[in-house]
Each structure stands twice: as structure tokens, then as C-alpha cells.
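Residues: numbered from 1 along the sequence shown.
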Amino acid sequence: MNTNKKVVIIGAGISTHIFLNELNNRKLNYDITVLEKKSYQEIVDEYDDVPFYFNKEIPSLNVDFEKIVVKMRIYDNNVLYDHGTDELSEKYSKKILGRKSGNTIKFLEKNKNAYVIREKDKVGRKMLLQKILVERNKNNKFMYETEVKSINLKTKVLTLENGDNINYDILISTIPLNYLMNLTNNKTIDLFYKPFNIIKIYGLEDIDYKVAYCTDLDIRINRIARLGNTIFIESPDKISLEEMNIEEKKFIDMFITQDNLKKYKNKSYQIFPGRFSQLNDNDYEKIKNIFLKYNIYLLGRMATWRFKLVEDVLDDSKEILDILETNR
């Protein structure tokens, strides 16, 4: 099925590749160009390789799923709870955001069955899925190391950093919403976010997904998660394993002892934009509808400024494609 409509996607991250995968599954043929300011190698080697799981198997992704047990806990006042409350959730949100969230993680999951993807000895990583889809979608037109400088909503023209212009009929934005608003001179609302830092510890035995969220202010760690052969330690500050205070070491000991820490490699990264206070329904609908007037669709967690799972991004991709086919 051919169409003359030109679709431009900003950003070549996981949301774009989920969209392209669904496009390929439907055997649709659009004139698509993906613009990405990073290089191809940076996308393939992306350091934002956090553990994640699916709540259900998704056949359309065409990957191997493995059933696991998810164990979520919350650590408050030196006590580890296996259930959550609104009060604890809000306390955690205040710690990581510095203010009341109004839309929080509930920490209600004790033990539940979930699914991760596996390829050989790798399991349950964000970048594992992205690498699979990058290879699968490589026949599409990607323009790497190409940064958008501005977007003219009326003329539907993208101006690039090198001065070139690109016309579009449909624009799909997967970049953070505040970046898009700056590019379009359409700052509708202030968006709040904070970067966070990850320490990854490699080389442990393979286990199910286990995570503990921490509300204690004397512990600089927001959460610690263990999946497959890796432990992820997330903090708003740049900290090292050697500089942990007593309470932080006690928190980490629930996942790995201090003696065992010395046996394994570790590496630190900063993830940006990091934590954010997501938009409420009214603000989101208002912003979404403003951009829809100019044929701009928001796709992904940071593009919509809302907590989106991979399942949600896939559903949103399907919705966008349904609209494009209806209006073709």
C-alpha cells in the first residue's frame, strides 16, 4: 500500500523502533525519514540500559519471552515493606522529585508473574530490545548526527542545525516534550525533571526481577534493582560504592554483600532527563490536541511526559497508524 504522505520522526530511540516494527508488521509503505542527533553507534551502544519487564507477552514484537517473578518492595525508615500505600508512594515521589507528584507509583505489587525478553545470555534489558529492533528496522531511512534546530508549524518545515530544511506531512516526536515545545516556540506548560545516576554491577548469577524503592533521606539511593546478572543502583547524586554511608551499605546488603561487591565489575552513568513529574490528564490532552492541529503526534514516555510502558508505546503506535490509515 503506497501513500505520498511524508512522515518524519524525530528521535531514533526505542519508541521509534516499536512504531517502525508495527508499521512493518502491517506491511504499510510510508515515506518515512527518521532524524537522530546521535550517531548510529551511540544508539546501538546506548548506556540507558535499565532492566524492564512486560506485563504480558506481545507476539507482534517477534522476540523470545521468558516468564519471571517480579518482587517489588519499599524501604522506609530502615524497614522493608512488601506492600505499598499512597502515603509511602508520595513520600518516595517527594524524595526523587523534590516536590509532591500528584501521580505516584503505588508499590502494590508483591510477587507477580511477568515476562522479559531473552537472547542467548542476555535478558530483560531495555537496550536488548532496542538492538533487536534497530537491526530489524535498518532498511528504513535514518539520518544520524542530524539535529533539528526549529519547527515551523504553519509551513510544516523542519530546519536542521546545518541549515537544511525538511518538509513533512506528518511529524512524530519521540524527543522529550520540553525539547519539542522549544523547537516550536510553543511553551504551554513548565515541565520538571531531574537527571539521575546509575551504577551497574556485572557478573552475578541469573535470578528473577527484584527491586526495592527507598524513601529514607539519609540514603542517597532512590532504588536498587536486580535482574539477570546485573544490579542497578539509582541515585540523584554521583556516588561510588566505596563512599557509601552505613545506612546505604545496609540498604545495598539486601541485594549483595559488601564482600561480594569487590568481586564484580561496576560502571557508572548519568541518565538524562531522568525523573519527572508526569502531566495530569487535562494538561496532557490540552498539549496533545494543540500539536494534533499541526499533524504532530507524541510517542513515548518523555514525548508525552507520562509514565509509559513498552506495552503503552505499542498501543499508541497502533493508534497513530490507525489514524494515518483512516486519513490516507
Review point. Among Val69, Asn55, Ile68, which one satisfies side chain to side chain contact (heavy atoms under 4.5 Å, CB included) with Asn113?
Key: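 Result for side chain to side chain contact (heavy atoms under 4.5 Å, CB included) with Asn113: Val69.
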Check your understanding: Which residue, Lys249, Lys250, Gln258, forms the side chain to side chain contact (heavy atoms under 4.5 Å, CB included) with Met244?
Key ->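 Single side chain to side chain contact (heavy atoms under 4.5 Å, CB included) partner of Met244 among Lys249, Lys250, Gln258: Lys249.
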Name the atoms and distances for all side-chain donor-acceptor pairs under 3.5 Å in residues 283-300, with sequence neighbours left out.
unit_1, atom_1, unit_2, atom_2, d
Asp283, OD2, Asn280, ND2, 3.3
Asn289, ND2, Glu285, O, 3.0
Asn295, ND2, Asp169, O, 3.3

Practice item. For atom CG of Asp253, decide whether the heavy atoms of other residues, nucleotides or ligands shown that lie under 6.0 angstrom number more than 12. Key: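 Yes.
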Review point. Quick check: are there more than 12 heavy atoms from other residues, nucleotides or ligands sitting under 6.0 Å from CD of Glu87?
Key: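 Counting other residues, nucleotides and ligands, CD of Glu87 stays at 12 neighbours or fewer.
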Minimum heavy-atom distance [X]-[Y], with the two atoms named:
X      : Y      : answer
Leu158 : Val8   : CD1-CG1, 3.5 Å
Phe255 : Lys210 : CE2-O, 3.4 Å
Asn21  : Ser60  : ND2-O, 2.9 Å
Met127 : Val44  : CE-O, 4.0 Å
Ser15  : Thr174 : CB-CG2, 4.2 Å
Asp82  : Arg73  : CA-CD, 3.4 Å

Output the distance between atom [atom1] ([X]) and atom [atom2] ([Y]), rounded to the nearest 0.5 Å.
X      : Y      : atom1 : atom2 : value
Tyr115 : Ile117 : OH    : CD1   : 15.0 Å
Tyr269 : Phe196 : OH    : CZ    : 13.5 Å
Tyr168 : Asn165 : OH    : CG    : 12.0 Å

Point to revise | Heavy-atom side-chain contact between Leu314 and Val310 under 4.5 Å | key: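 Sidechains of Val310 and Leu314: no contact.
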Point to revise | Flag side-chain contact, heavy atom, 4.5 Å: Val7 against Ile172 | key: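 A side-chain contact under 4.5 Å exists here.
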Practice item. Report yes or no: do Ile323 and Leu28 belong to one cluster of Ile/Leu/Val/Met/Phe/Trp/Tyr joined by side chain heavy-atom distances under 4.5 Å? Key: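 Yes, it is one cluster - the side chains of Ile323 and Leu28 are joined through contacts under 4.5 Å.
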Check your understanding: Mind checking whether Leu309 and Val63 sit in one hydrophobic cluster, side chains of I, L, V, M, F, W, Y counted as touching below 4.5 Å?
Key ->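 No; Val63 is not reachable from Leu309 via cluster members.
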With a 3.5 Å distance limit and no angle check, can you tell me whether [X] reaches the backbone of [Y] through a side-chain donor-acceptor pair?
X      : Y      : answer
Asn186 : Thr184 : no
Asp315 : Asp312 : no
Gln130 : Ile14  : yes
Thr146 : Lys37  : no
Asn260 : Ile256 : no
Asp164 : Leu160 : no
Asn182 : Asn178 : yes

Check your understanding: After noting the C-alpha distance and the side-chain angles of Val211 and Arg226, does the key distance pass the side-chain contact (heavy atoms from CB on, under 4.5 Å) rule?
Key -> CA-CA 6 Å; Val211 60; Arg226 182 168 179 170; over 6 Å; no
Review point. Would you say the ring centroid of Tyr75 lies under 6.0 angstrom from that of Tyr213?
Key: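 Distance test on ring centres: not under 6.0 Å, no.
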Review point. Taking the six-membered ring where the residue is Trp, are the ring centres of Tyr209 and Tyr53 under 6.0 Å apart?
Key: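 So the answer is yes for these two rings.
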Review point. Yes or no on salt bridge (charged side-chain N to carboxylate O under 4.0 Å, His left out) for Arg306 and Asp316, after CA distance, side-chain angles and deciding distance?
Key: CA-CA 12 Å; Arg306 292 159 70 82; Asp316 291 346; over 6 Å; no
Exercise for review: Apply side-chain contact (heavy atoms from CB on, under 4.5 Å) to Ile201 and Thr230, showing your working.
Suggested key: CA-CA 5 Å; Ile201 305 167; Thr230 309; 5.7 Å; no
Exercise for review: Please determine, by modelled atom types, if Glu325 and Tyr30 share a side-chain donor-acceptor pair under 3.5 angstrom.
Suggested key: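 Yes, Tyr30 and Glu325 have a side-chain donor paired with an acceptor closer than 3.5 Å.
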**Study point:** Any donor-acceptor N or O pair under 3.5 Å, side chains Ser235, Asn197
**Key:**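 There is no such pair (donor and acceptor under 3.5 Å, judged by atom type) between the side chains of Ser235 and Asn197.
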Review point. Which of parallel (below 30°), tilted (30 to 60°) and perpendicular (above 60°) describes His17 and Phe142?
Key: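 Rings of His17 and Phe142: parallel, under 30°.
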Review point. Is Glu90 salt-bridged to Lys94, cutoff N-O under 4.0 Å?
Key: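 Salt bridge absent between Glu90 and Lys94.
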Practice item. Considering only NZ, NE, NH1 and NH2 on the basic side and carboxylate oxygens on the acidic side, decide whether Asp31 and Lys5 come within less than 4.0 Å. Key: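 Salt bridge between Asp31 and Lys5, a charged N being under 4.0 Å from a carboxylate O: no.
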Check your understanding: Which residue pairs pass the salt bridge (Lys or Arg N to Asp or Glu O under 4.0 Å) test with at least one member in residues 132-159, sequence neighbours excluded?
Key ->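 The answer is Glu135-Lys138.
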Result block: side-chain N/O donor-acceptor pairs under 3.5 angstrom for residues 216-224, not counting sequence neighbours:
unit_1, atom_1, unit_2, atom_2, d
Asp216, OD1, Asn77, N, 2.4
Asp216, OD2, Asn77, N, 3.3
Asp216, OD2, Asn78, N, 3.0
Arg220, NE, Glu248, OE2, 2.7
Arg220, NH2, Glu243, O, 3.1
Arg220, NH2, Glu248, OE1, 2.9
Asn222, ND2, Glu234, OE2, 3.4
Arg223, NE, Glu234, OE1, 2.8

